[in-house]
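Note that this is a predicted model, so its numbers are computed, not measured. Start at 1 and go down the list; that is how both ligands and their atoms are numbered.
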Amino acid sequence: MSITATGVPADTLDPTVPAPATNVAEYGFEGRFEDWADDARYFEYSKAANPIGSGHTPKVPVVRFAPELYDDGPTRIVPLDLSQELGITSGAATSPGLLASFVRVRAGERISTSPNATSQLYYVLHGGGFSAVNERLVQWEKGDFLTLPAGSRSTFHADSDTALYWVHDEPLLRYLGAKATEPRFRATKFRRADAVAELAAIAARPGANDKSRVSVMLANAEEEQTLTITHVLWAMFGLLPAGQEQRPHRHQSVALDLILDAQPGCYTLLGTRLDERGDIVDPIRVDWQAGGAFVTPPGMWHAHFNESGAPAHLIPVQDAGLQTYLRSLDIRFTNPR
Ligand SMILES: [Fe+2]
(Lines give C-alpha, C1' and ligand atoms only; values in the text may rest on other atoms or scores of the structure.)
Protein backbone atom coordinates (compact mmCIF):
# COMPACT_ATOMS: atom_id res chain seq x y z
CA MET A 1 0.00 0.00 0.00
CA SER A 2 1.36 3.41 -0.96
CA ILE A 3 1.01 6.34 1.45
CA THR A 4 0.36 9.88 0.20
CA ALA A 5 1.95 13.04 1.58
CA THR A 6 -1.12 13.55 3.84
CA GLY A 7 -0.73 10.10 5.38
CA VAL A 8 -3.92 8.69 3.77
CA PRO A 9 -3.39 5.38 1.96
CA ALA A 10 -3.66 6.27 -1.74
CA ASP A 11 -6.04 3.48 -2.75
CA THR A 12 -8.53 4.28 0.10
CA LEU A 13 -9.95 7.19 -1.86
CA ASP A 14 -9.52 5.76 -5.33
CA PRO A 15 -13.00 4.47 -6.42
CA THR A 16 -11.49 2.34 -9.15
CA VAL A 17 -9.86 0.13 -6.51
CA PRO A 18 -12.53 -2.15 -4.94
CA ALA A 19 -12.82 -2.47 -1.15
CA PRO A 20 -12.33 -5.89 0.46
CA ALA A 21 -15.57 -7.95 0.78
CA THR A 22 -17.46 -7.88 4.09
CA ASN A 23 -18.49 -11.08 5.83
CA VAL A 24 -21.80 -10.24 7.62
CA ALA A 25 -21.51 -13.32 9.83
CA GLU A 26 -18.64 -11.62 11.62
CA TYR A 27 -21.10 -8.89 12.65
CA GLY A 28 -23.79 -11.33 13.83
CA PHE A 29 -26.11 -10.79 10.82
CA GLU A 30 -27.69 -13.53 8.74
CA GLY A 31 -28.83 -13.36 5.13
CA ARG A 32 -27.55 -11.99 1.89
CA PHE A 33 -26.80 -8.47 0.77
CA GLU A 34 -29.38 -7.09 -1.64
CA ASP A 35 -28.49 -5.48 -4.91
CA TRP A 36 -29.97 -1.95 -4.97
CA ALA A 37 -28.52 -0.92 -8.29
CA ASP A 38 -31.57 -1.43 -10.59
CA ASP A 39 -32.67 2.20 -10.55
CA ALA A 40 -29.22 3.76 -10.72
CA ARG A 41 -28.68 5.65 -13.99
CA TYR A 42 -25.53 7.29 -15.37
CA PHE A 43 -25.38 10.17 -17.84
CA GLU A 44 -22.46 11.86 -19.50
CA TYR A 45 -22.48 15.37 -17.97
CA SER A 46 -23.68 17.31 -21.02
CA LYS A 47 -26.64 14.93 -21.47
CA ALA A 48 -28.15 15.75 -18.05
CA ALA A 49 -26.67 19.04 -16.87
CA ASN A 50 -29.43 21.25 -18.28
CA PRO A 51 -32.65 19.25 -18.70
CA ILE A 52 -34.79 22.43 -18.81
CA GLY A 53 -32.66 24.04 -21.53
CA SER A 54 -32.58 20.84 -23.58
CA GLY A 55 -36.37 20.52 -23.42
CA HIS A 56 -36.31 17.31 -21.39
CA THR A 57 -38.10 19.01 -18.48
CA PRO A 58 -41.25 20.74 -19.77
CA LYS A 59 -41.18 24.51 -19.35
CA VAL A 60 -43.97 26.33 -17.50
CA PRO A 61 -46.28 27.57 -20.27
CA VAL A 62 -47.89 31.01 -20.60
CA VAL A 63 -51.60 30.19 -20.29
CA ARG A 64 -54.65 32.38 -19.78
CA PHE A 65 -57.77 31.26 -17.90
CA ALA A 66 -61.06 33.03 -18.65
CA PRO A 67 -63.70 34.04 -16.07
CA GLU A 68 -66.27 32.02 -18.04
CA LEU A 69 -64.72 28.96 -16.35
CA TYR A 70 -66.57 29.76 -13.13
CA ASP A 71 -69.06 32.58 -13.62
CA ASP A 72 -72.06 30.26 -13.87
CA GLY A 73 -73.24 26.75 -13.06
CA PRO A 74 -73.20 24.56 -9.96
CA THR A 75 -71.11 24.87 -6.81
CA ARG A 76 -67.70 23.45 -7.70
CA ILE A 77 -63.92 23.79 -7.70
CA VAL A 78 -62.37 24.59 -11.10
CA PRO A 79 -58.66 23.65 -10.97
CA LEU A 80 -56.47 25.58 -13.42
CA ASP A 81 -54.75 22.36 -14.35
CA LEU A 82 -51.59 22.39 -16.48
CA SER A 83 -50.26 19.06 -15.17
CA GLN A 84 -50.27 17.52 -18.65
CA GLU A 85 -48.26 20.43 -20.09
CA LEU A 86 -45.85 20.16 -17.14
CA GLY A 87 -45.43 16.39 -17.45
CA ILE A 88 -46.84 15.88 -13.95
CA THR A 89 -48.77 12.63 -13.53
CA SER A 90 -49.49 12.73 -9.80
CA GLY A 91 -52.34 15.26 -9.85
CA ALA A 92 -53.48 18.73 -10.84
CA ALA A 93 -50.95 21.57 -10.90
CA THR A 94 -50.81 25.07 -12.38
CA SER A 95 -47.05 25.32 -11.85
CA PRO A 96 -44.60 22.71 -10.55
CA GLY A 97 -45.26 23.75 -6.94
CA LEU A 98 -48.66 25.44 -6.93
CA LEU A 99 -52.26 24.80 -7.87
CA ALA A 100 -54.62 27.70 -8.53
CA SER A 101 -58.37 27.13 -8.76
CA PHE A 102 -61.53 29.13 -9.03
CA VAL A 103 -64.15 28.11 -6.50
CA ARG A 104 -67.81 28.83 -7.19
CA VAL A 105 -70.31 28.49 -4.33
CA ARG A 106 -73.95 29.27 -5.04
CA ALA A 107 -75.98 31.25 -2.51
CA GLY A 108 -77.03 29.04 0.40
CA GLU A 109 -74.60 26.27 -0.58
CA ARG A 110 -71.19 25.21 0.76
CA ILE A 111 -67.98 23.53 -0.31
CA SER A 112 -65.23 21.83 1.71
CA THR A 113 -61.45 21.90 1.23
CA SER A 114 -58.60 20.07 2.96
CA PRO A 115 -55.55 20.01 0.68
CA ASN A 116 -52.24 18.53 1.77
CA ALA A 117 -50.65 21.98 1.71
CA THR A 118 -48.42 24.11 3.91
CA SER A 119 -50.12 27.28 2.67
CA GLN A 120 -53.49 28.19 1.23
CA LEU A 121 -54.57 31.59 -0.01
CA TYR A 122 -58.20 32.46 -0.78
CA TYR A 123 -59.27 35.74 -2.37
CA VAL A 124 -62.98 36.56 -2.49
CA LEU A 125 -63.75 37.74 -6.03
CA HIS A 126 -67.41 38.32 -5.26
CA GLY A 127 -70.04 37.21 -2.80
CA GLY A 128 -69.82 36.74 0.93
CA GLY A 129 -70.25 34.19 3.68
CA PHE A 130 -68.30 32.44 6.38
CA SER A 131 -65.96 29.50 6.84
CA ALA A 132 -65.65 26.85 9.50
CA VAL A 133 -61.92 26.03 9.73
CA ASN A 134 -61.07 23.27 12.20
CA GLU A 135 -64.23 24.18 14.19
CA ARG A 136 -63.38 27.90 14.23
CA LEU A 137 -65.55 30.42 12.39
CA VAL A 138 -64.52 33.37 10.26
CA GLN A 139 -66.59 35.69 8.05
CA TRP A 140 -65.49 37.00 4.68
CA GLU A 141 -66.75 39.33 2.01
CA LYS A 142 -65.76 40.47 -1.47
CA GLY A 143 -62.15 41.67 -1.51
CA ASP A 144 -60.97 39.78 1.60
CA PHE A 145 -57.90 37.52 1.57
CA LEU A 146 -57.70 34.47 3.82
CA THR A 147 -54.54 32.43 4.42
CA LEU A 148 -54.69 28.99 6.06
CA PRO A 149 -51.80 26.84 7.30
CA ALA A 150 -51.14 23.09 7.20
CA GLY A 151 -53.87 20.90 8.65
CA SER A 152 -56.76 23.23 7.80
CA ARG A 153 -60.06 21.46 7.14
CA SER A 154 -62.50 24.09 5.95
CA THR A 155 -66.07 24.46 4.79
CA PHE A 156 -67.02 27.65 2.94
CA HIS A 157 -70.68 28.66 3.34
CA ALA A 158 -71.95 31.26 0.86
CA ASP A 159 -74.64 33.79 1.79
CA SER A 160 -74.75 35.07 -1.79
CA ASP A 161 -73.33 33.71 -5.05
CA THR A 162 -69.61 33.54 -4.34
CA ALA A 163 -66.42 33.15 -6.37
CA LEU A 164 -63.00 32.57 -4.80
CA TYR A 165 -59.49 32.47 -6.26
CA TRP A 166 -57.65 29.73 -4.37
CA VAL A 167 -53.91 28.98 -4.50
CA HIS A 168 -52.05 26.34 -2.48
CA ASP A 169 -48.85 24.31 -2.60
CA GLU A 170 -50.15 20.74 -2.65
CA PRO A 171 -48.23 20.00 -5.91
CA LEU A 172 -44.98 20.84 -4.06
CA LEU A 173 -45.90 18.48 -1.20
CA ARG A 174 -46.81 15.71 -3.65
CA TYR A 175 -43.44 16.15 -5.37
CA LEU A 176 -41.60 15.94 -2.06
CA GLY A 177 -43.69 12.96 -0.92
CA ALA A 178 -44.41 14.90 2.26
CA LYS A 179 -47.45 15.43 4.47
CA ALA A 180 -47.93 18.96 5.73
CA THR A 181 -48.87 18.57 9.37
CA GLU A 182 -47.30 21.44 11.30
CA PRO A 183 -48.92 24.89 10.95
CA ARG A 184 -46.16 27.45 10.31
CA PHE A 185 -48.38 30.54 10.68
CA ARG A 186 -51.78 31.36 12.14
CA ALA A 187 -54.87 31.52 9.93
CA THR A 188 -55.01 35.15 8.85
CA LYS A 189 -57.55 37.44 7.22
CA PHE A 190 -56.43 40.46 5.22
CA ARG A 191 -59.57 42.59 5.28
CA ARG A 192 -60.68 44.23 2.03
CA ALA A 193 -61.04 47.60 3.73
CA ASP A 194 -57.47 47.45 5.12
CA ALA A 195 -55.89 46.35 1.82
CA VAL A 196 -57.81 49.02 -0.12
CA ALA A 197 -56.88 51.73 2.41
CA GLU A 198 -53.20 50.75 2.29
CA LEU A 199 -53.21 50.82 -1.50
CA ALA A 200 -55.00 54.18 -1.54
CA ALA A 201 -52.43 55.64 0.88
CA ILE A 202 -49.55 54.40 -1.30
CA ALA A 203 -51.21 55.73 -4.47
CA ALA A 204 -51.74 59.15 -2.84
CA ARG A 205 -48.06 59.64 -1.99
CA PRO A 206 -46.28 62.31 -4.02
CA GLY A 207 -44.70 60.79 -7.11
CA ALA A 208 -46.57 57.48 -6.75
CA ASN A 209 -47.70 57.57 -10.35
CA ASP A 210 -44.10 57.98 -11.51
CA LYS A 211 -43.19 54.68 -9.85
CA SER A 212 -43.54 51.59 -11.98
CA ARG A 213 -45.50 49.92 -9.20
CA VAL A 214 -48.35 51.11 -7.00
CA SER A 215 -48.76 48.03 -4.85
CA VAL A 216 -49.28 46.68 -1.36
CA MET A 217 -47.24 43.63 -0.45
CA LEU A 218 -49.24 41.38 1.86
CA ALA A 219 -47.15 39.81 4.60
CA ASN A 220 -47.68 37.65 7.66
CA ALA A 221 -46.15 38.60 11.02
CA GLU A 222 -44.52 35.14 11.18
CA GLU A 223 -42.55 35.62 7.97
CA GLU A 224 -39.94 38.03 9.26
CA GLN A 225 -37.24 36.71 6.99
CA THR A 226 -39.15 36.57 3.69
CA LEU A 227 -41.73 39.36 4.28
CA THR A 228 -44.32 37.27 2.42
CA ILE A 229 -47.94 36.29 2.99
CA THR A 230 -46.94 32.75 4.02
CA HIS A 231 -43.55 31.02 4.23
CA VAL A 232 -44.17 29.61 0.72
CA LEU A 233 -46.63 32.01 -0.93
CA TRP A 234 -46.18 35.65 -1.92
CA ALA A 235 -49.06 37.96 -2.78
CA MET A 236 -49.44 41.56 -3.82
CA PHE A 237 -52.47 43.83 -4.30
CA GLY A 238 -51.57 46.13 -7.15
CA LEU A 239 -52.88 49.04 -9.15
CA LEU A 240 -51.84 49.77 -12.73
CA PRO A 241 -52.92 53.38 -13.29
CA ALA A 242 -54.50 54.44 -16.59
CA GLY A 243 -51.83 55.24 -19.17
CA GLN A 244 -49.05 53.57 -17.15
CA GLU A 245 -46.43 51.11 -18.28
CA GLN A 246 -44.47 48.94 -15.85
CA ARG A 247 -40.97 48.40 -17.16
CA PRO A 248 -39.89 44.73 -17.60
CA HIS A 249 -38.77 42.67 -14.63
CA ARG A 250 -38.23 38.98 -13.96
CA HIS A 251 -37.95 36.54 -11.04
CA GLN A 252 -37.44 32.82 -10.55
CA SER A 253 -40.79 32.43 -8.75
CA VAL A 254 -43.79 31.54 -10.89
CA ALA A 255 -46.64 34.06 -10.86
CA LEU A 256 -50.27 33.01 -11.01
CA ASP A 257 -51.73 36.43 -11.81
CA LEU A 258 -55.34 37.28 -11.05
CA ILE A 259 -56.86 40.29 -12.80
CA LEU A 260 -59.62 42.04 -10.84
CA ASP A 261 -60.76 44.82 -13.12
CA ALA A 262 -59.38 45.86 -16.48
CA GLN A 263 -60.76 47.63 -19.52
CA PRO A 264 -59.64 46.62 -23.01
CA GLY A 265 -56.11 47.90 -23.57
CA CYS A 266 -54.57 46.35 -20.44
CA TYR A 267 -52.04 43.63 -21.22
CA THR A 268 -48.77 41.96 -20.26
CA LEU A 269 -45.84 41.31 -22.58
CA LEU A 270 -43.64 38.29 -21.79
CA GLY A 271 -40.39 37.10 -23.30
CA THR A 272 -37.04 35.51 -22.58
CA ARG A 273 -34.74 38.33 -23.81
CA LEU A 274 -34.37 42.11 -23.69
CA ASP A 275 -33.00 44.34 -26.43
CA GLU A 276 -30.39 47.05 -25.81
CA ARG A 277 -33.16 49.53 -24.88
CA GLY A 278 -34.46 47.13 -22.21
CA ASP A 279 -37.58 46.17 -24.16
CA ILE A 280 -38.73 42.56 -24.44
CA VAL A 281 -37.71 40.85 -27.70
CA ASP A 282 -40.48 38.98 -29.61
CA PRO A 283 -42.93 39.18 -26.72
CA ILE A 284 -46.01 37.06 -26.13
CA ARG A 285 -48.99 39.36 -25.43
CA VAL A 286 -51.56 38.37 -22.80
CA ASP A 287 -54.61 40.64 -22.74
CA TRP A 288 -56.11 41.15 -19.31
CA GLN A 289 -59.64 39.99 -18.63
CA ALA A 290 -61.47 41.06 -15.45
CA GLY A 291 -61.87 37.97 -13.27
CA GLY A 292 -59.39 35.98 -15.36
CA ALA A 293 -55.95 34.63 -14.52
CA PHE A 294 -52.74 33.84 -16.35
CA VAL A 295 -49.40 32.18 -15.68
CA THR A 296 -46.10 34.09 -15.78
CA PRO A 297 -43.36 31.42 -15.99
CA PRO A 298 -40.22 31.56 -13.82
CA GLY A 299 -37.38 33.60 -15.26
CA MET A 300 -39.40 35.27 -18.03
CA TRP A 301 -39.20 39.03 -18.49
CA HIS A 302 -42.63 40.64 -18.20
CA ALA A 303 -44.04 44.15 -18.43
CA HIS A 304 -47.57 45.42 -17.79
CA PHE A 305 -49.31 48.07 -19.89
CA ASN A 306 -52.52 50.00 -19.30
CA GLU A 307 -53.53 51.76 -22.51
CA SER A 308 -57.17 51.94 -21.41
CA GLY A 309 -58.59 55.06 -19.82
CA ALA A 310 -59.29 53.42 -16.47
CA PRO A 311 -57.17 52.05 -13.63
CA ALA A 312 -56.75 48.27 -13.39
CA HIS A 313 -56.10 46.04 -10.35
CA LEU A 314 -54.24 42.76 -10.16
CA ILE A 315 -53.21 40.17 -7.58
CA PRO A 316 -50.16 38.13 -8.52
CA VAL A 317 -49.65 35.06 -6.30
CA GLN A 318 -46.22 33.45 -6.40
CA ASP A 319 -44.09 30.82 -4.68
CA ALA A 320 -41.68 33.65 -3.83
CA GLY A 321 -41.82 32.96 -0.08
CA LEU A 322 -40.07 29.66 -0.73
CA GLN A 323 -37.79 31.14 -3.42
CA THR A 324 -36.72 33.97 -1.13
CA TYR A 325 -35.99 31.53 1.71
CA LEU A 326 -33.88 29.45 -0.69
CA ARG A 327 -32.13 32.68 -1.85
CA SER A 328 -33.04 31.73 -5.39
CA LEU A 329 -35.67 34.43 -6.18
CA ASP A 330 -33.23 36.43 -8.35
CA ILE A 331 -35.63 39.32 -9.00
CA ARG A 332 -34.29 41.83 -11.52
CA PHE A 333 -35.61 45.09 -12.90
CA THR A 334 -34.79 47.08 -16.00
CA ASN A 335 -33.92 50.72 -15.60
CA PRO A 336 -36.59 53.30 -16.29
CA ARG A 337 -36.18 54.89 -19.72
FE1 LIG B 1 -43.54 39.85 -11.73
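One finds no salt bridge joining Arg32 and Glu34 here, because no Lys/Arg side-chain nitrogen approaches an Asp/Glu carboxylate oxygen to under 4.0 Å.
Using a 30° and 60° split on the angle between ring planes, Tyr165 and Phe102 fall in the tilted class, from 30° to 60°.
If you chain together hydrophobic residues whose side chains sit under 4.5 Å apart, Ile284 and Val281 never meet in one group.
For Arg186, the side-chain contact (heavy atoms from CB on, under 4.5 Å) criterion is met by no residue, not counting sequence neighbours.
When the shell of 6.0 Å around NE2 of His126 is examined, it contains more than 12 heavy atoms from other residues, nucleotides or ligands. Crowding of Glu224 atom CD: a count of heavy atoms from other residues, nucleotides or ligands under 6.0 Å not exceeding 12.
The Fe ion (ligand 1) has His249 NE2, His251 NE2, His302 NE2 as its protein N, O or S neighbours under 2.8 Å.
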